[in-house]
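Keep in mind that what you see is a predicted model, and the values were worked out from it rather than measured. Proteins get letters first, then strands, A, B, ... in listed order; numbering begins at 1 in each. Basis for what follows: all heavy atoms, side chains included, without hydrogens, waters or symmetry-related copies.
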Amino acid sequence: MNSSLIKPQTLKGFRDYLPEAMRSREHLMEVARRVYRSYGFAPIDTPALEYSEILLGKGGDESDKQLFRFTDQGDRDVAMRFDLTVPLARFTAQHLSELGTPFKRYHIGTVWRAEKPQKGRYREFVQCDFDTIGTTANTSDIETLFVIHDLMEQLGFERFTLRVNHRALLNGVLEQAGLADKSAGVLRALDKLPKIGRQSVAEEMTASVGTTADQAETVLRLAELSGSPQELLDQAGQLVQGNETGQLGVSRLNELLAACRKAELPSERIQIDLSIARGLDYYTGTVYETFLNDLPGIGSVCSGGRYDNLAGLFTQQKLPGVGASLGLDRLLAAMEELGLFETVPSGVPVFIPLFDKNHVADYLAVARRLRAAGFGVEVFPDDRALGKQLKYADRKGFTLALIAGDQEFSSGQWQIKHLATSTQETVADADLVATLKRLLA
RNA sequence: GUGGCUGUAGCUCAGGAGUUAGAGCGCCGGUCUGUGGCACCGGAGGUCGCGGGUGCGAAGCCCGUCAGCCACCCCA
């Protein structure tokens, strides 16, 4: 044995994708692209590697710690992007004059975070972001919700819930409770409500954040309002009566609900959830999270929100925006767990077994002819028993097998075998393309 | 970054200090040399994650390391 062999292995949190998984990934990306484009979002890309100063300090200490950061061969301090939003901030600051507003872009790209991997959490994963930059209009907030909804639906999900909240509403409550200066801590605690329960949240607020028990109670009451989205919002509106900030949030959410009704989004998929606060500090308006009803434990698969000033660190120009990010790999992990991997066929419908090795050139030639007519065709390369070849074809999901030996070649015919049913028909070579068109339509 | 659990054939796992490490499924071959999925028969495939230590002896015990999973943290 050879001890100098290198052990094939991947880094922690980094993965290979086999054809089945990769086909599903590509499918998801295609769907995302289609949905984004249908709303007028334009594609962009940015480098995987940025100057560290571009990325540092944008998501708080946490994201700094998760940065893959190193010195390049030219002694530059560089880091790999950990999301697509910060690169977007740099991008818009740099290219604003060429873009014009509102600027709607989508960006599907790999990002890297050096955190401890778990199920649905990797060190390398793909995000599918879309944002609308340069407008404060609630129209864009509403459209963002529509995009998320359509995206999930087009991806083939039926049982999902979009939870929506508005930071202004929360801030209004906090102002009234005299907690404006403690909002970050309070909201972070509040975000955990579904996970750790009201008791623990109240404890965290009083113990770590420093609120009074009454203040914690006020905030929790808001988060625990129940009823239909509209009822919930009406109650919240009463809680922040007379508070301008809070009322702004309420009226924006009211518009959003009205728009959802008018657009006839299934109402059970939209929830006003006042406990959704988002850990990230930079959201200032509407916030969104998307959960799979059948797998809530995996967390949000598509999250986002409105921010006042995307690129304040890069340009004087104030750039408000709203957008969200689909976690492709997390979604894929969820689909795998739910057994939702589509049994996508090989993508190539026609299989030509190497039935008679003296006719290899004939097989290759007809395959090429059929591809020119628009069919996907694969020729088996090895001279193996026909049964084995058909087994391979079956496993790989072909629809038809084209079989021919001396008999067929001498009479100018092909056997077309339907792999799913084992039935077979004979077709003249001249009619081959027309027949395949009919069978594969 | 902190804590816990796990790592034995391609997959799911059993075993557990003492001769050549097992099962099911899968894979390959044969029965079936112009036609797959079934059945029967046969076969290949493992330095028991990797490295070190203790032992007469380690896959098993100890330490380290790598990887996976779970909780915290955070998040897609």
Under 4.0 Å between any heavy atoms, over every strand shown, what does [X] touch: base, sugar-phosphate, or nothing? Just pick one.
X: A:Glu124; value: nothing
X: A:Arg15; value: nothing
X: A:Tyr122; value: base
X: A:Leu331; value: nothing
X: A:Lys388; value: sugar-phosphate
X: A:Gln118; value: base

| Nearest-nucleotide comparison on RNA chain B, the residue closer to the 5′ end among A:Ala385 and A:Gln66 | A:Ala385

| query | Hey, which of these two, A:Thr423 or A:Val126, hits RNA chain B nearer its 5' end, going by closest nucleotide? | reply | A:Thr423

| said: Strictly by Watson-Crick or wobble contacts shorter than 3.5 Å, is anything paired with B:U47, and which nucleotide is it? | reply: none

| said: When both hydrogen-bonding distances must be under 3.5 Å and the geometry is Watson-Crick or G-U wobble, what is B:A67 paired with, if anything? | reply: B:U6

Side chain of [X], heavy atoms from C-beta onward: which of [options] has the nearest atom to it?
X: A:Arg330; options: B:C75, B:G34, B:C28; result: B:C75
X: A:Lys391; options: B:C72, B:C28, B:U35; result: B:C28
X: A:Arg384; options: B:C73, B:C69, B:G29; result: B:G29
X: A:Ser422; options: B:G34, B:G37, B:C74; result: B:G37

Establish whether the base of [N] is bridged to the side chain of [X] by a donor-acceptor pair shorter than 3.5 Å.
X: A:Arg113; N: B:A76; answer: yes
X: A:Glu289; N: B:A76; answer: no
X: A:Lys116; N: B:G68; answer: no
X: A:Gln415; N: B:U35; answer: no
X: A:Gln407; N: B:G34; answer: yes

Using atom [atom1] of each nucleotide, how far apart are [N] and [M] to the nearest Å?
N: B:G15; M: B:A21; atom1: C1'; result: 9 Å
N: B:C69; M: B:G52; atom1: C1'; result: 26 Å
N: B:C41; M: B:G24; atom1: P; result: 11 Å
N: B:C50; M: B:C66; atom1: P; result: 15 Å
N: B:U6; M: B:A17; atom1: P; result: 16 Å
N: B:C32; M: B:C13; atom1: C1'; result: 34 Å
N: B:G7; M: B:C61; atom1: P; result: 10 Å
N: B:G64; M: B:C5; atom1: P; result: 13 Å

| query | Around atom CZ of A:Arg371, are there more than 12 heavy atoms of other residues, nucleotides or ligands at under 6.0 Å? | reply | yes

| message | Tell me if the OH atom of A:Tyr17 is crowded by more than 12 foreign heavy atoms within 6.0 Å. | response | yes

| query | Does the aromatic ring of A:Phe355 sit over the six-membered base ring of B:G34, closer than 5.5 Å centre to centre and tilted less than 30°? | reply | no

Using the ring of each side chain (for Trp, its six-membered ring), is [X] parallel, tilted or perpendicular to [Y], with breaks at 30° and 60°?
X: A:Trp414; Y: A:Phe409; answer: perpendicular
X: A:Phe160; Y: A:His149; answer: tilted
X: A:Tyr283; Y: A:Tyr307; answer: tilted

| field | Anti versus syn assignment for B:G55, with syn defined as within 90° of 0 | value | syn

| field | N/O donor-acceptor pair under 3.5 Å between A:Ser140 side chain and A:Thr136 backbone | value | no

| task | Check the distance between B:C75's C1' and A:Arg163's CZ and give it to me in whole angstrom. | result | 16 Å

| request: Please state how far atom CG in A:Asp16 lies from atom C1' in B:G10, giving the value in whole angstrom units. | output: 15 Å

| Any side-chain donor paired with an acceptor under 3.5 Å for A:Gln127 and A:His107? | no

